[in-house]
Amino acid sequence: MNTRVPVSIDGVVPWPDDVAARYRRAGYWQDRSLASHIAEQVARRPDDEALVDGPTRLTYRQLWDRAASCAQALLDLHIAPGDRIVLQLPNCWEFVALTLGCLRVGVVPVMALPAHRQHELTHLAAVAGAVAIVVADIDRDTDLRQVAQQVAVQVPSLRSVLVHGELSSGTAEYAPENSLGATYDTTVRFAATDYEPMGADVACMLLSGGTTGLPKLIVRTNDDYAYNILQCNAVSEFDSSTVYLGALPCSHNFPLACPGVLGTLVAGGRAVMLPSPSPERALRAIDAEGVTVTAVVPAIAQRWIEYQRERNVLRGRSLRVLQVGGSRMPDELAARVEPVLGARLQQVFGMAEGLINMTRLDDDLEIILTTQGRPVSDADEIRVVDESGNPAPNGIPGALLTRGPYTPRGYFRAPEHNARAFTTDGWYLSGDVVRRRPDGNLVVEGRDKDMINRGGEKISAEEVENFAYQLDGVEMAAAVAMPDPVLGERLCLYLTVVQGHSVSLADVFAVMNAAGVARFKIPERLEVIATMPTTKVGKIDKKALRDDIRERVAWDHAEPGPRPRKPHQ
Ligand code: OOB
């Protein structure tokens, strides 16, 4: 039993004491570290394979030793329990070893996405007060070492830049100790008995999709994240026979912990890391490794289904479950999963903020194909309310609010935003509009948050609009979702400009690119209009703009003959 007090990090919003006590009494929170769950599997099956990354295959014992090396390397860099490090790595065994190293020693990884660039990484490091940043050397056309160096210049708390891959030659910052590879050469000095995080200690920080500007940080404790994982494991039926393919970026909550790579390791299974979900590589990896379950967004599911139909690469019958979530899966697509891929579909409607809903593997097909499932825990509290905050009856769409043992009560160091995103009694306003069926399953009908969901990648409208306002001559800017057959949504930017000025998509690209913004946030269509539609209270009428772009897209694709109504100018 731990006798010390939890590591205190200024800016974490705790659950109220009475609620925390209730969650402990009920056994949801076990007051033990997340790492200790994996340590159990290391003891039980040291020689079983835990992790595969291309030619690298690690047993539980080997993975645990490498995690220990990472933990030691962090300590050698004077990084202490409770310190934050920005972690940006693609799917590779090093990502898992370092994450486990952090979990073992109580260092808090801030889970950046591989697509993030200087703009996002600087913000994350600054808000987190991070002391180190870990990046890969090169990602396609971007030298991430240079990006990280720029971030380090701007964020005073950052003391170390760690690189996975080649160090740049000739600069002092890239001394051998800054190579992530160097950490695996050290003799294992760190032992599990050296340090044991407590249940109430912070395990990691996840990123919100972001509706107001840049992503917010979501603090997940050992207690709550372990519970999240155990519940997902139970619902998705993960056990030691599970072979999980990490195809989505594994720093995201879905492939990380719902149940994801961590769930697989907690269950004693084997995780296979793949740097990209391209159908060619993923379907081959599924056959080669005997993958039993994986997680994708609907756009990827669609690409896999098409590829499989055309090429029939998937020959084995190992894949039992395909989890799909992150954005709304069209019912027609849902119906094609099992016939083409031979795997049972599991719809997942979750959020980094906590609440995870899943269809159950033995649900009726109608539920699996047309709903986004129900909470993974009986302790999840759900409210669906109308515009005045009154409960919406079953079957009627309303705003989704939630509370529970793995849904934190506030973002990290964001009191103003917390005042809007959480009610005074701790309910999180998800911004999603759902309909609850009498059987308890939820159907996602839309959302009332100002966000674009580009195939699972979340873009804050406000963040894009702020860039548009930096352009000469821009009067008003509004970023809205336009329908897309593959991604579900893409981003369209509406502008009004001062007479005599003109603004092009290339100008928008230039300003966002110069700021080092992640590529997926850059608008893909620009509409310059004469007047911005406004609501009665004078706010930009985004609904009118969404209707407008829907008509324009339909107009562009209309066959000759009767045409839809021409969009307004
Ligand atoms: C997952 O997490 P986030 O934090 O990237 O995004 C959460 C938001 C939700 O509030 C909702 O707007 C949307 O993404 N969403 C879905 C959905 N799953 C997520 N919308 C419709 N249908 C779905 N199935 O996206 C996430 C986290 C854990 C597990 C799965 C997804």
Side-chain angles (χ1 to χ4, degrees), residues 111-113 115-116 204-211 215-218 220 225 228-229 231-233 235-236 246-263 293-301 322-331 333-334 337 345-359 367-376 380 382 384 397 399-402 406-408 411 421 428-435 441-461 481 487-489 518 520-521:
M111 294 291 183
L113 296 175
H116 285 152
C204 64
M205 293 190 188
L206 304 176
L207 313 187
S208 77
T211 50
K216 303 284 176 291
L217 295 176
I218 302 158
R220 305 300 299 260
Y225 217 35
N228 179 120
I229 290 169
Q231 286 305 115
C232 288
N233 267 359
V235 171
S236 298
L248 293 176
C250 286
S251 47
H252 186 269
N253 193 28
F254 186 16
L256 183 65
C258 305
V261 173
L262 293 177
V293 52
T294 183
V296 292
V297 293
I300 301 293
L322 183 71
Q323 293 188 297
V324 181
S327 66
R328 177 70 153 87
M329 183 176 220
D331 294 356
L333 180 61
V337 169
L345 170 67
Q346 180 175 46
Q347 295 216 38
V348 183
F349 161 43
M351 49 204 77
E353 284 82 355
L355 178 70
I356 305 294
N357 302 279
M358 291 180 173
T359 55
I367 293 174
I368 291 176
L369 300 184
T370 64
T371 83
Q372 281 65 57
R374 51 196 180 278
V376 296
D380 284 317
I382 295 279
V384 182
L400 170 69
L401 280 69
T402 185
Y406 61 96
T407 300
Y411 295 102
Y428 168 59
L429 292 108
S430 73
D432 293 310
V433 173
V434 304
R435 169 164 64 82
N441 288 293
L442 303 177
V443 179
V444 181
E445 297 281 357
R447 60 173 178 267
D448 57 15
K449 53 186 166 187
D450 205 1
M451 180 193 91
I452 294 95
N453 189 337
R454 187 181 180 279
E457 289 182 308
K458 317 298 185 320
I459 311 167
S460 145
L487 293 173
E489 296 175 11
F520 70 85
K521 296 180 184 171

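Whatever order the structure lists ligands and atoms in, that order sets their numbers, starting from 1.
At a threshold of 4.0 Å, the pair R447-E489 counts as salt-bridged, since one of the basic side-chain nitrogens sits closer than that to a carboxylate oxygen.
Heavy atoms of K449 come nearer than 4.0 angstrom to ligand 1 in at least one pair. The closest approach between a heavy atom of Q347 and any atom of ligand 1 is not below 4.0 Å.
Closest protein heavy atom to atom 15 (N) of ligand 1: G326 O, 3.4 Å. Considering only non-hydrogen protein atoms, atom 6 (O) of ligand 1 sits nearest to K458 NZ, 3.0 Å. Regarding atom 4 (O) of ligand 1, its nearest protein heavy-atom neighbour is A352 N, 2.9 Å. Looking at atom 21 (C) of ligand 1, its nearest protein heavy atom turns out to be R328 N, 3.2 Å. Protein heavy atom nearest atom 24 (N) of ligand 1, with residue, atom name and distance: V348 O, 2.8 Å.
Nearest residue to atom 23 (C) of ligand 1 from P298, G354, S327, G456 is S327 (criterion: closest heavy atom). The closest heavy-atom contact to atom 19 (C) of ligand 1, among the options G325, P255, G350, comes from G350. Of the candidates V434, L206, D432, L207, the one placing a heavy atom closest to atom 12 (O) of ligand 1 is D432.
Interface atoms of ligand 1 facing Q372, defined by a heavy-atom separation under 4.0 Å, are 22 (N), 24 (N). For ligand 1 and F254, the ligand atoms under 4.0 Å from any heavy atom of the residue are 28 (C), 29 (C), 30 (C).
Of the candidates L400, T371, V324, F349 forms a side chain to side chain contact (heavy atoms under 4.5 Å, CB included) with just one, namely L400.
Of the N or O atoms in N253, none lie within a sub-3.5 Å distance of an N or O in ligand 1.
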